[in-house]
Amino acid sequence: MSSTEGQSQFLVISKGYWDEDKSPEQIQAAIDAFYKWHDVLVAQGKMISGQRLQPAKMVVSKHGITDGPFAETKEVIGGYWHFIANSLEEAAALAAQNPCLACGLSLEIRPIEPKTCSAFDRTTETPPSRKK
């Protein structure tokens, strides 16, 4: 998904839990600082708003729809948004400015693939045995 000439979109996934040693006041200060930072980047065209995610979830697969089991993860996904940047490194540098990092959250940045999926290309869904 190209946004402007030479730039791409990057999905940013917020993960983790607040640090146990941080007070609610410290965490709220980081949240308030995040929204100020967020609003500046949106106004500059460097970020597209996302949303926080609720804890409820379902798994949909060829086996049907279930409320679990879920893949074992050490961290919970709390929300997402998109950066508009020239490279993965530039998107990571923007993410490194997120005030919530100081309170324990981490961010995963993934480039969004601009082309449609093909069974003949090596993608994230390609089984490891076929990636050779």
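Positions are given from 1 along the sequence. Quick caveat, the model's predicted, so the values are computed rather than measured.
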I'd like to check the side-chain hydrogen bond (donor to acceptor under 3.5 Å, both in side chains) partners of [X]; sequence neighbours left out, ordered by chain and number.
X: T123; result: E125, T126
X: Q54; result: none
X: E108; result: K15, R110

Just to verify, what does [X] make a side chain to side chain contact (heavy atoms under 4.5 Å, CB included) with, not counting sequence neighbours?
X: V42; answer: H38, M47, S49
X: P127; answer: S129, R130
X: D32; answer: Q28
X: F120; answer: S118

Would you give the length of the straight line joining atom [atom1] of [X] to atom [atom2] of [Y], rounded to the nearest 0.5 angstrom?
X: H82; Y: S8; atom1: NE2; atom2: OG; answer: 12.0 Å
X: D19; Y: L105; atom1: CG; atom2: CG; answer: 8.0 Å
X: Y35; Y: C100; atom1: OH; atom2: SG; answer: 8.0 Å
X: Q51; Y: S14; atom1: CD; atom2: OG; answer: 13.0 Å
X: C103; Y: I31; atom1: SG; atom2: CD1; answer: 8.0 Å
X: Q7; Y: S87; atom1: CD; atom2: OG; answer: 10.0 Å

Mind jotting down which residue pairs meet the salt bridge (charged side-chain N to carboxylate O under 4.0 Å, His left out) criterion with at least one end in residues 35-48? Sequence neighbours excluded, please. none
Assess the residue pair L41 and F83 against the criterion (side-chain contact (heavy atoms from CB on, under 4.5 Å)); give the C-alpha distance rounded to whole Å, side-chain angles, the decisive distance to 0.1 Å, and a yes or no. CA-CA 9 Å; L41 290 180; F83 283 136; 3.9 Å; yes
After noting the C-alpha distance and the side-chain angles of D21 and Q26, does the key distance pass the side-chain contact (heavy atoms from CB on, under 4.5 Å) rule? CA-CA 10 Å; D21 65 340; Q26 290 172 305; over 6 Å; no
All ring-ring contact (aromatic ring centres under 6.0 Å, His included) counterparts of Y80, not counting sequence neighbours: none
For W81 together with F34, are the ring centres under 6.0 Å from each other? yes
Give every donor-acceptor pair under 3.5 Å between a side-chain atom in residues 58-65 and any protein atom, sequence neighbours left out.
| residue | atom | partner | partner atom | Å |
| --- | --- | --- | --- | --- |
| S61 | OG | H63 | N | 3.1 |

Taking every non-hydrogen atom, the tightest pair across [X] and [Y]:
X: L94; Y: I84; answer: CD1-O, 4.5 Å
X: A85; Y: A91; answer: CB-N, 3.8 Å
X: A95; Y: I109; answer: CB-CD1, 3.7 Å

In the single-linkage hydrophobic clustering (I, L, V, M, F, W, Y; side-chain heavy atoms under 4.5 Å), do V40 and L101 co-cluster? no
Validation row: I13, L107 side chains within 4.5 angstrom (heavy atoms): no
